[in-house]
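To start, the structure itself, in structure tokens.
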Amino acid sequence: MASLEYVRRDTPIHRLQAITKLILIIASFAVCFFALDFALLSVWILFLIGWWVLGGIEMRRLGIILKVLLGTYIFLIILQGFTYRFGDTELFKLGTLMVGQRNYAAYTLEGLLFGTLVFMRVLAVVFSLPILTMTTPMTKVAATLGKLKVPYQFTLIFVTGIRFVPLVFQSWNNVIQAQKLRARDVEKLPLHKKARVYTSVLTPLLLYLLRLSTTLQTALECRAFGSPATRTYLEEAKLRAGDYIAIVMLIALSTALVALKATGYSSVPYLLR
């Protein structure tokens, strides 16, 4: 989850304001919901990877995200392969489980393709998130949300959530490393023993996180969080020429992809239902 942490660099993407990257995330949601097609989603994913390259984000982090999502992909293609209601091309079957006219023990090509398509929808959203979190300091994110008149309680929840997700995984890794130093290598244990070990590891992790949350609460109270005073922000959220160009470009592309789908375009015609 270090793939979500801010990396200080001087790139065109780093110089963009947080609101531009928030619009990118919103556009990604629009594309994944309204442009469900292999070719259209592929274009958008390649567009996002282009932002990764311009932002100087290491491609190995892309591999980490794909590795984390591998289980999701396997689950989707298995689920859709057996349950996709428009599946006609049978690849194999595990027996007979008839529900109406559908054999839910038969794995179909259409289900495999549709599961892959749904996974691409997930990628279209997930790939856009690091563009915000890895190229934008949280102070700029907070200033942007403040300018958009978002209640600062929600701003705090959002910023703290993004900041603490990598911290949770880092703490988990620290506990696992501490176990290894005590000659308890979890990775080498048989599968049936790992669950019991991971359960025992959760206890110190939860205690550590509770202590952190208590420290955060104390810090907020010491700074009079929730007082009715007018708030100020360290960072200025002011759009520049590069932001306007980027916003026009991503809105134009996302609108074109959605419009193509709305006209009935499909790169795999027999998936069009």
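Position 1 is the first residue of the sequence; numbering continues from there. Side-chain atoms are counted along with the backbone in the values below, which use heavy atoms only and exclude waters and symmetry mates.
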From CA spacing to verdict: side-chain hydrogen bond (donor to acceptor under 3.5 Å, both in side chains), Y73, T116: CA-CA 7 Å; Y73 176 59; T116 303; 3.1 Å; yes
Pairs touching residues 124-138 that satisfy salt bridge (charged side-chain N to carboxylate O under 4.0 Å, His left out), sequence neighbours left out: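 Residue pairs with at least one partner in residues 124-138: there are none.
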L113 side chain near L117 side chain, heavy-atom distance below 4.5 Å: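 The answer is no; the side chains never approach within 4.5 Å.
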Beyond-backbone contact of L123 with L66, side-chain heavy atoms, under 4.5 angstrom: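 L123 reaches L66 side chain to side chain.
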Single hit among V43, V31, V248 for side chain to side chain contact (heavy atoms under 4.5 Å, CB included) with L253: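 Only match with L253 under side chain to side chain contact (heavy atoms under 4.5 Å, CB included): V43.
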Qualifying residue, where the test is side chain to side chain contact (heavy atoms under 4.5 Å, CB included) with L54 and the options are I49, I13, T135: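 Filter result, single survivor: I13.
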Which atom of [X] lies closest to which atom of [Y], heavy atoms considered:
X: L16; Y: K21; value: O-NZ, 3.4 Å
X: I65; Y: P130; value: CD1-CG, 3.8 Å
X: I45; Y: M120; value: CD1-O, 3.7 Å
X: I131; Y: L48; value: CD1-O, 3.9 Å
X: L257; Y: A35; value: O-CB, 3.9 Å
X: L36; Y: C32; value: CD1-O, 4.4 Å

Heavy-atom donor-acceptor pair, [X] side chain to [Y] backbone, under 3.5 Å:
X: T263; Y: L260; answer: yes
X: W52; Y: F127; answer: yes
X: S254; Y: I251; answer: yes

State the [atom1]-[atom2] distance between [X] and [Y], to the nearest 0.5 angstrom.
X: L41; Y: R121; atom1: CG; atom2: CZ; answer: 8.0 Å
X: Q17; Y: L22; atom1: CD; atom2: CG; answer: 11.0 Å
X: I23; Y: S128; atom1: CD1; atom2: OG; answer: 13.0 Å
X: F119; Y: L70; atom1: CZ; atom2: CG; answer: 7.5 Å
X: L210; Y: T215; atom1: CG; atom2: OG1; answer: 10.5 Å

Neighbour count above 12 (heavy atom, 6.0 Å) for R85 CZ: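 Open: at most 12 neighbouring heavy atoms sit under 6.0 Å from CZ of R85.
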Whether Y107 and F92 hold their rings parallel, tilted or perpendicular, with breakpoints at 30° and 60°: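 Aromatic pair Y107/F92 classed parallel.
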Mutual orientation of the aromatic rings belonging to W44 and F47 [parallel < 30°, tilted 30-60°, perpendicular > 60°]: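 W44 vs F47 ring planes: tilted.
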Intermediate values then yes/no, side-chain contact (heavy atoms from CB on, under 4.5 Å), F114 and L79: CA-CA 10 Å; F114 189 74; L79 177 66; over 6 Å; no
From CA spacing to verdict: side-chain contact (heavy atoms from CB on, under 4.5 Å), R240, D243: CA-CA 5 Å; R240 305 183 182 92; D243 292 286; 3.7 Å; yes
Same apolar cluster (I L V M F W Y, side chains within < 4.5 Å links), I247/I26: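 No; tracing contacts between hydrophobic side chains, which count when under 4.5 Å, never links both residues.
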Shared hydrophobic cluster for I245 and L24 (ILVMFWY, side-chain gaps under 4.5 Å):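 I245 does not cluster with L24.
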Any residue meeting salt bridge (Lys or Arg N to Asp or Glu O under 4.0 Å) with E90, in chain and number order, not counting sequence neighbours: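 By the salt bridge (Lys or Arg N to Asp or Glu O under 4.0 Å) rule, E90 matches no residue at all.
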